[in-house]
Amino acid sequence: MSLGSPLLRYWYNPAPDSLGHTVEEFLQILAGPALIHVPGRDRQRKRALCTLLHGNEPSGTRALFRWLQQQPQPAVDLLCFIGSVHTALTEPPFFHRHLPGERDLNRCFRPPFEDRQGRLAKAILDILQEMEPESLIDIHNTSGMGPSFAVAMKQDPEHEALASLFTERMLVTGLRLGALFEYSERNVPTVTIECGGAQDPRADEIAYEGLLRYVDAAEVLKPFRADWQMEVLYEPVRLELSEDAAITYSEAEDVYADITLPPDVERHNFGRVAPDQPLGWVKPGSWDKLKITNPAGEDVKSQVIRLQGNRLYPAQPLKLFMITTNASIAKSDCLFYAVTDNDSHLMAQ
Ligand SMILES: [Zn+2]
C-alpha cells in the first residue's frame, strides 16, 4: 500500500497485546504520529477518526486505546490518526497543547505546509484524499470545564447525524482557521467533537461511547435516534487578545493586568449571560487589546462586550463557550467563543 509517509507510522490491524498496558505505553510504542487501520466487516467502505491533534487532550486517545484492546471489528474499515504523540509524551505527559516554538497542529490544515507541523497536517490530508473515507471525526477536549459539543462548517442532516453520535450541541461556523473539520469543504462530512474538560472523567466516557456508535453503526450519516434534539449555535465569534495583553484570573481586579477574570468564569460555559452580568475587569486603556471579528473579518466587538468603568459586561444577551482559564491558551488562541442568545448573526454596524 502506498501509504508510507515518513511523517506518519502506518500500522495495520494491531494485535491487542502489542498495544502496551496503559495509554502512555501505547503512545510510547507509537513513538510518533500514527495511522492505525482496523479492517471492518464491510471492506468496501471506510470511516476516519483523528485525535490528539492537541497534546493535552487525552480523551480520544484513551477511548481508542480502550477500544483497540478488545480486538474489535468495526462495521467498515476504520482509519485512526493519532497526531501529537511527541507533544503528549513530553514531560509532564498530556500537558502541552503544542510544543513551545511549534505551531498549533489544528491550525495547520491549510497552506503553507512548510514547517514540521504543516507537513504532518498535509500528510494526513493526503492520506484522507487517497483513502476516501465516508466521514471524519476529530476528537478533542476543551481547555476549560464544560459540557460536550460538536463543531462543524455546515449544518445539514449528515453533519448533525455525526455530531449526534457524541453530543447534543453543535456549533456551526464559517471561521477558517486551518482546523481539520474544514475537510468538510471536500464533501466528506466532518465534525470536531469537544468531549469536555481533559480532567473530567465524563469526557472520557463521552469519547468512548461515541466512538462505539461511530464504529458499530451500519450508517453514521443518518440520525441514530429519531428523538434526538440537537441544539445548534450559529456563527460564533472569538474574543482574541493581542500578544502583549496581560491576563490574570482573580476574585478581584489585578491592577497590573490588562484583563482580570474570576477563576470560576467557566461557569458561564453554554449558559445564558445577561447584559447586566459582570464578566470581569478590563483597564480602559487596554480596551484595544481585545479583538472580536466575525467570519467576514468585520469588527463586531461593540456588539459583544462593553466596558463600564473597569467592568466588562456583555453588550447583549449572549451564550459563551470554550471559556478558558488557561492564560497562555487565552492569548495564543482565544479567551472564549460567543453567539447572540437569539441566534442573530453578528454583523458590522
Ligand atoms: Zn483541541
Side-chain angles (χ1 to χ4, degrees), residues 23 27 33-34 48-65 80-90 92-100 102-110 117-118 120-121 124-125 136-153 162-163 166-167 169-173 175-184 190-200 202-204 206-208 210-211 214 233 236 238-240 266 269-270 320-337:
V23 171
L27 292 181
L49 177 154
C50 182
T51 197
L52 206 64
L53 290 181
H54 293 141
N56 59 344
E57 299 178 7
S59 289
T61 308
R62 288 184 186 139
L64 187 60
F65 174 67
C80 312
F81 295 88
I82 306 150
S84 299
V85 174
H86 293 298
T87 309
L89 287 172
T90 301
F94 293 117
F95 178 77
H96 297 279
R97 179 182 172 100
H98 53 89
L99 291 178
E102 286 196 336
R103 285 196 296 154
D104 179 333
L105 182 54
N106 205 27
R107 299 288 179 269
C108 295
F109 290 93
R110 64 173 178 188
Q117 299 286 74
L120 173 57
I124 292 172
L125 292 173
L136 170 61
I137 296 265
D138 180 22
I139 303 179
H140 290 249
N141 292 100
T142 43
S143 53
M145 298 294 273
S148 64
F149 60 95
V151 188
M153 266 183 53
L162 278 180
F166 290 81
T167 183
R169 262 175 230 92
M170 186 163 96
L171 311 182
V172 179
T173 175
L175 280 175
R176 297 287 184 282
L177 301 170
L180 182 56
F181 74 86
E182 294 161 29
Y183 200 71
S184 283
T190 302
V191 296
T192 296
I193 302 295
E194 297 281 356
C195 298
Q199 314 308 329
D200 186 346
R202 281 175 305 181
D204 290 347
I206 287 167
Y208 182 67
L211 170 69
Y214 185 58
L233 304 168
R238 295 153 46 89
L239 172 53
E240 297 175 339
E266 292 171 309
N269 263 329
F270 285 104
L320 304 181
F321 42 92
M322 287 194 84
I323 307 168
T324 186
T325 51
N326 179 323
S328 77
I329 289 174
K331 282 178 63 169
S332 65
D333 192 40
C334 72
L335 182 56
F336 59 66
Y337 288 74

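Keep in mind the model is a prediction, meaning the values are calculated, not measured. Start at 1 and go down the list; that is how both ligands and their atoms are numbered.
- Judged by distance alone, with hydrogens and angles left aside, the side-chain atoms of Thr51 form a donor-acceptor pair with the main-chain N or O of Ile139 at under 3.5 Å.
- Counting only distance, with no hydrogens or angles, the side chain of Arg238 and the backbone of Leu175 share no donor-acceptor pair below 3.5 Å.
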>> Using the rule given for side-chain contact (heavy atoms from CB on, under 4.5 Å), can you reason through His98 versus Arg103, listing the C-alpha separation, both sets of side-chain angles and the distance that settles it, and then say yes or no?
In response: CA-CA 7 Å; His98 53 89; Arg103 285 196 296 154; over 6 Å; no
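- Gln117 places no side-chain N or O within 3.5 Å of a backbone atom of Asp104 that could act as its donor or acceptor partner.
- Annotation: the span from Leu27 atom CG to Phe94 atom CZ amounts to 5.0 Å, rounded to 0.5 Å.
- Sorted by chain and number, the protein atoms of type N, O or S within less than 2.8 Å of the Zn ion (ligand 1) are His54 ND1, Glu57 OE1, Glu57 OE2, His140 ND1.
- A donor-acceptor pair is defined here as one N or O able to donate and one able to accept, closer than 3.5 Å; such a pair exists between the side chain of Asn141 and the backbone of Ser59.
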